[in-house]
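Report on one structure; see the data block that follows.
Residue numbering restarts at 1 for every chain, and letters A, B, ... go by the order of the sequence lines.
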Amino acid sequence: MNKKEILEKFSADPQRYYNVNLFEDQGFERKSCNECGRFFWTLDSERVNCPDHSDDTYSFIGDPPTSKRFDYTQSWKEVESFFVKNNHTSINRYPVVCRWRDDLYFTIASIVDFQRVMGSKVVFEFPANPLVVPQTCLRFKDLENVGVTGRHFSSFCMIGQHSIPNENGYWKDECVDLDFNLLTQQFGIAKKEITFVEDVWEGGGSFGSSLEYFVRGLELGNAVFTEFQGDLSNYKTLDQRIIDMGAGLERFAWITMGTPTAYDCCFGPITQKLIQKTGIDTDSSVLVPYFTEIAKNLELYDDLSQVRKNAIKTTGLSDEQINRIITPLEGIYLIIDHIRTLIFAISDGALPSNVGGGYNLRIMLRRIVSTMDRLKLKFDLDEIIDIQIDYLKNTYPELEKTREDVKEIISIETGRYDSSKQRMQKIVSKLDKEPKVEDLITLYESDGVTPEYLKEMKVISEIPSTFYAKLSDLHQSKKQKEQVNLPLEGVPDTELLFYGDDPREFDAKVLKSFENFVILDKTAFYARGGGQEPDHGSIGGQEIIDITKHGNVVVHEIKGNVPKEGDTVSCTVDSKRRDGITKNHTSTHIINTSARSVLGSWVWQHSAFKEEDHARLDITHHSALTNDDVKKIEDAANSIIEKSIPVKIENFDRGTAEQKYGFRIYQGGVVPVKSVRIVSIGNLDIEACGGTHVVNTSDIEQIKITKTKRIQDGVVRIEFVSGDSAKEFVKKKQQDSESKEKEEKVKEQEKEKRIEQRQLTKERIPVIAKSLLECKQGAITVDDITMELADSGKANFCYSTSNNYDDVFHIGLGEALCNEDPKLVYCGLFEQGEKIRVIVYAGEDISKEKSAGEIVKSISQILGGAGGGSPKFAQGGGIDKSKKEDAIKNAKSMIIE
RNA sequence: GGGCCGAUGGCUUAGGGGUAUAGCGCCACGUUCGCAACGUGGAUGUCGAGGGUUCGAUUCCCUCUCGGUCCA
């Protein structure tokens, strides 16, 4: 079943699917487009083509079809007041970070606000009926078009008009009536200008007809009537029919203003300000035809550069005009658009990063910076943010609160881009040949150099088609989580005692048992979930290994034999473990709120893990934590403990909880149930959470952060301990620092000793050397060092076998003596622990025939070891101390012979 | 979780199985009325921690810690 088939079927029966009271009352005609055959409804008897193929397409540019002039802010005020007047509730926008859906990073349509996924089903939850919402939506598909086409945005405001047909809401007739009246009455557009085009919508197993409404070729909105489920040959009406009318607020503003592009009337004063700053001459006789032509051509070509080329050709703009006016304008539009999107995304808690949705934000920021570089525009991003928020807060007052946070994140990210460019440049400059696919992967994985950058730098001409395939192969070998399928059909939900009295000992009936698994009618054992580790304890005297939850059934895995089905067993929860985990769980909430208050509004829980004696919380944050950050977070957490704040647990209907507390409650992820359990610590922290918690923060006694680590871009891990574990940790740390202090003292003493020793050696060497050199013939011994002089012309020999000297002494003395006597060979042997070492120094002249290295080799061999070195200096050693005298004799014979 | 890189006087760093480099800074002396500058000389290092291989490890191998960086 595809859209085309549905449309064919529906359009074949317009009376049933498309005709509404409005068309009857006003006398709309149904026509088929001469060009494409599409069916549309119009009051204009002369109109023969659908809006996509009409002559008046985009003729509102420079000539709007109404006398009213509404900018972006005013347009919403008009829309809102119209719908409120007509019994709609106006609700605040939902966050652009779509935390209530696992399958979306960002809110992409107003209807998403009210969709909740439960298992494989999407259910709708409306806080009011009917309602209207100015929903900011983020879409990154057409980034290339932003700034160029005049109407594409990376984020836009979708006017969401939603209704469920019941005693409060309405269905097609009233919906189309309202939309028609909105355009004609509130916006002053002539009735003849409005065209409704037949279309259909299909998704998520349901489908329905829809009417798109156009004015002068511009699609303003689309009213979707979600009505059926099944397939085309056999479908039935849904229990819950829904009207999903989505309209683009930016387009409403544009059609009244008739500016060359939608960008000119939707960003407030910033656009003019930047244009003035850049000194672009925005001659409307150039811009109006150019952007009208762009808008028309957009439907004709797939390739954007082709659209642009053609528009330039048709309007006859010169290269000079393009370079001086059009190109810089496109850059300004892009920058403003991207910053507006970043303002919303960062305000709602998203961070630019290299993963998931954060990557889109990073890409946008980099586009902003590189556009400024390319066009040599010097804008102050902070100023742009300020002016935009000043304007946006008319519609979205909440943006004021995060103004400074947005600036901070953008400035950090800009700095990061600069240094990453430098780093990439450095790495790229070292490349000596064109990298192969394998090299590209290494460059990307270990150095973060993207192939896009290499292409930009002209290092490679094209990104190899196999690049992304090979990259994903590399990461696909990771093991997949094993899915265990247990025979649980027909087993009733387990009653969870830990949400009630939470007994630590209880009797329960065995509903089912197989292999090592036991299912009870009720349990006080907490099953693994929400980052909280399972309880330990025993069932019928058998130790529990693991507890997991399958749907609403708790499955206990035990060691040993399982009890018989139907038996009643006595169960005991390991209290000490549970208490430790419970303290850590509440501590996680405390650390989370503390981190947010210390670091900034962008801090959200990323994931968490709670064990008996330690826990960790991963939060979203842009940088690694400093020691100062850690201390502040710890102090904030402990002050919450000191304040003895009661921990309150209440159950709410999900929609009520969201309206009452906002989307901050979804710290731990999406809650797939209708009723949510809200855990609140005063008004400091309010989260939807299924875990076990202490009654009062004072029960935790103490929190100690043990370690923090940046585990991925934009995520910091905080490891901590609480309660007794925290006390133990503090005690141990105290002991550690004491023993470290002692160790350092010993080190210091050793160092002093060493220096003293060295000093002594240094003083003694010249004295001893002088005495030895006084010997003019024969032999003398000074302080266990023997000097033997040979006949003139032959090598002199000086040696010592005393253990009173170390290597530093021998090296020093050898050097001193040989400098004075170039015919001298100095040979020092000394014992060092279990080993014996040899140091040989040879004077300048003698080293040419008697190499120190050779002598050492020979001596060391006798000593049962090895050695070597240069002709003038060598060292070696061995293990056989008893050969010491043999060794020195050998040396003597080698030198003197 | 994984990959890569790094840790050498106060700082920046070279090197690489056999006496540990250099620059800046520091100290002393000289030149100078003095400072800067210059010249000469000097001090400062268990080469991140622990283990292994070796006669000998800062260097090679293993483990760990810390830091950086990239990927998921």
Side-chain angles (χ1 to χ4, degrees), chain A residues 353-356 358-359 416 419-420 422-424 426-427 430 440-450 453 468 470-479 481 607 609 616 618 623-627 707-715 717 736 740 743-744 746-755 757-759 761-762 765 806-816 818-819 826 828-842 851-853 855-881 883-884 887:
Chain A
S353 76
N354 61 5
V355 270
Y359 192 63
R416 214 161 263 171
S419 53
S420 119
Q422 277 174 23
R423 191 173 48 75
M424 287 200 282
K426 219 163 135 186
I427 293 167
K430 280 186 194 156
L440 288 179
I441 286 176
T442 313
L443 278 167
Y444 179 60
E445 293 232 295
S446 57
D447 301 314
V449 179
T450 57
Y453 178 80
Y468 287 104
K470 283 199 176 169
L471 196 65
S472 66
D473 279 354
L474 272 179
H475 297 290
Q476 230 149 47
S477 53
K478 299 225 168 104
K479 56 179 176 232
K481 212 175 164 187
S607 57
F609 177 82
R616 60 170 189 255
D618 297 345
S623 309
L625 298 186
T626 63
N627 291 338
K707 194 181 162 181
T708 67
K709 190 178 186 251
R710 200 164 166 226
I711 56 163
Q712 62 166 239
D713 198 4
V715 180
R717 171 164 296 170
D736 280 359
K740 208 171 178 182
E743 213 172 89
E744 232 145 70
V746 171
K747 260 188 182 173
E748 192 62 30
Q749 281 169 353
E750 275 175 2
K751 190 177 169 179
E752 271 170 37
K753 230 184 196 160
R754 230 179 23 247
I755 291 172
Q757 180 76 29
R758 198 178 299 174
Q759 199 65 28
T761 307
K762 235 173 170 174
I765 285 172
D806 63 0
D807 50 350
V808 178
F809 176 85
H810 286 299
I811 290 166
L813 182 62
E815 188 174 13
C818 291
N819 280 344
Y826 178 84
L829 270 83
F830 62 99
E831 289 169 27
Q832 199 174 49
E834 295 302 301
K835 311 272 172 67
I836 180 159
R837 286 194 61 193
V838 186
I839 284 168
V840 174
Y841 226 110
S851 161
I855 296 164
V856 160
K857 260 182 207 161
S858 171
I859 296 178
S860 300
Q861 215 159 30
I862 293 169
L863 294 170
S870 70
K872 283 164 83 173
F873 175 80
Q875 48 184 313
I879 46 173
D880 193 351
K881 290 181 188 174
K883 296 276 169 61
K884 201 165 161 187

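B/G9 and B/A20: their C1' atoms are spaced 11 Å apart (whole Å). For the P atoms, the distance linking B/C29 with B/C60 amounts to 44 Å, nearest Å. Rounded to the nearest Å, the gap between the C1' atom of B/C55 and that of B/A49 is 25 Å. If you take atom P in B/U44 and the same atom in B/C38, they sit 25 Å apart, rounded to whole Å. Annotation: B/G56 and B/G41 have their C1' atoms spaced 34 Å apart (nearest Å). Comparing the P positions of B/U59 and B/U53 gives a spacing of 15 Å, expressed to the nearest Å. Between the C1' atoms of B/C70 and B/U13, the separation comes to 25 Å (whole Å). Between the P atoms of B/C5 and B/G15, the separation comes to 16 Å (whole Å).
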*Check against side-chain contact (heavy atoms from CB on, under 4.5 Å), A/Y841 and A/L813*: CA-CA 9 Å; A/Y841 226 110; A/L813 182 62; over 6 Å; no

*Kindly determine whether A/L829 and A/I836 satisfy side-chain contact (heavy atoms from CB on, under 4.5 Å), including the steps that lead there.*
CA-CA 7 Å; A/L829 270 83; A/I836 180 159; 4.2 Å; yes

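Under the Watson-Crick and G-U wobble criteria, each requiring two contacts below 3.5 Å, nucleotide B/U58 is left unpaired. Nucleotide B/A72 forms no Watson-Crick or G-U wobble pair with any nucleotide shown, as no partner meets the under 3.5 Å limit on both distances. Look at B/C38: its Watson-Crick or wobble partner, with both distances under 3.5 angstrom, is B/G30. When both pairing distances are held under 3.5 Å, B/A14 makes no Watson-Crick or G-U pair with any nucleotide shown. Look at B/C66: its Watson-Crick or wobble partner, with both distances under 3.5 angstrom, is B/G6.
In terms of heavy atoms, A/A842 sits closest to A/A852 at CB-CB, 4.2 Å. Of all heavy-atom pairs spanning A/G868 and A/V856, the tightest one is N-CG1, 3.7 Å.
At whole-Å resolution of the value, NZ in A/K881 and C1' in B/C55 are 13 Å apart. Protein atom NE2 of A/H810 is 14 Å distant from nucleotide atom C1' of B/U19, rounded to whole Å. A straight line from NZ of A/K857 to P of B/C55 spans 15 Å, rounded to a whole angstrom. When the C1' atom of B/U19 is taken as reference, atom CG of A/D806 falls 13 Å away, rounded to whole Å. Here B/U19 presents its P atom at 6 Å from CD of A/Q875, a figure rounded to the nearest Å. For the pair A/R837 CZ and B/G17 C1', the interatomic distance rounds to 13 Å; values are reported in whole Å. Counting to the nearest Å, the P atom of B/G56 and the CD atom of A/E831 are 15 Å from each other. Atom CD of A/E834 and atom P of B/U54 are 16 Å apart (whole Å).
A cation-pi arrangement, defined by a distance under 6.0 Å to the six-membered ring centre and an angle within 45 degrees of its axis, is absent between A/R837 and A/F830.
Positionally, the nearest nucleotide of RNA chain B for A/A874 lies more toward the 5' end than for the other of A/G877 and A/A874. For the pair A/G878 and A/G868, both in contact range of RNA chain B, the more 5′-proximal nearest nucleotide belongs to A/G868.
When distances are taken from the side chain of A/K835 to each of B/G56, B/U19, B/G1, the shortest belongs to B/G56. Here the nucleotide nearest the side chain of A/I879, chosen from B/U19, B/C55, B/G1, is B/C55.
The aromatic rings of A/H810 and A/Y826 sit tilted relative to each other, their planes meeting at an angle between 30° and 60°.
Distances shorter than 4.0 Å separate some side-chain N or O of A/R717 from OP1 or OP2 on B/G1.
At a threshold of 4.0 angstrom between heavy atoms, the contacts of A/A866 include nucleobase atoms, whether or not backbone atoms are also involved.
With respect to the salt-bridge test (charged N to carboxylate O, under 4.0 angstrom), the residues A/K884 and A/E831 qualify.
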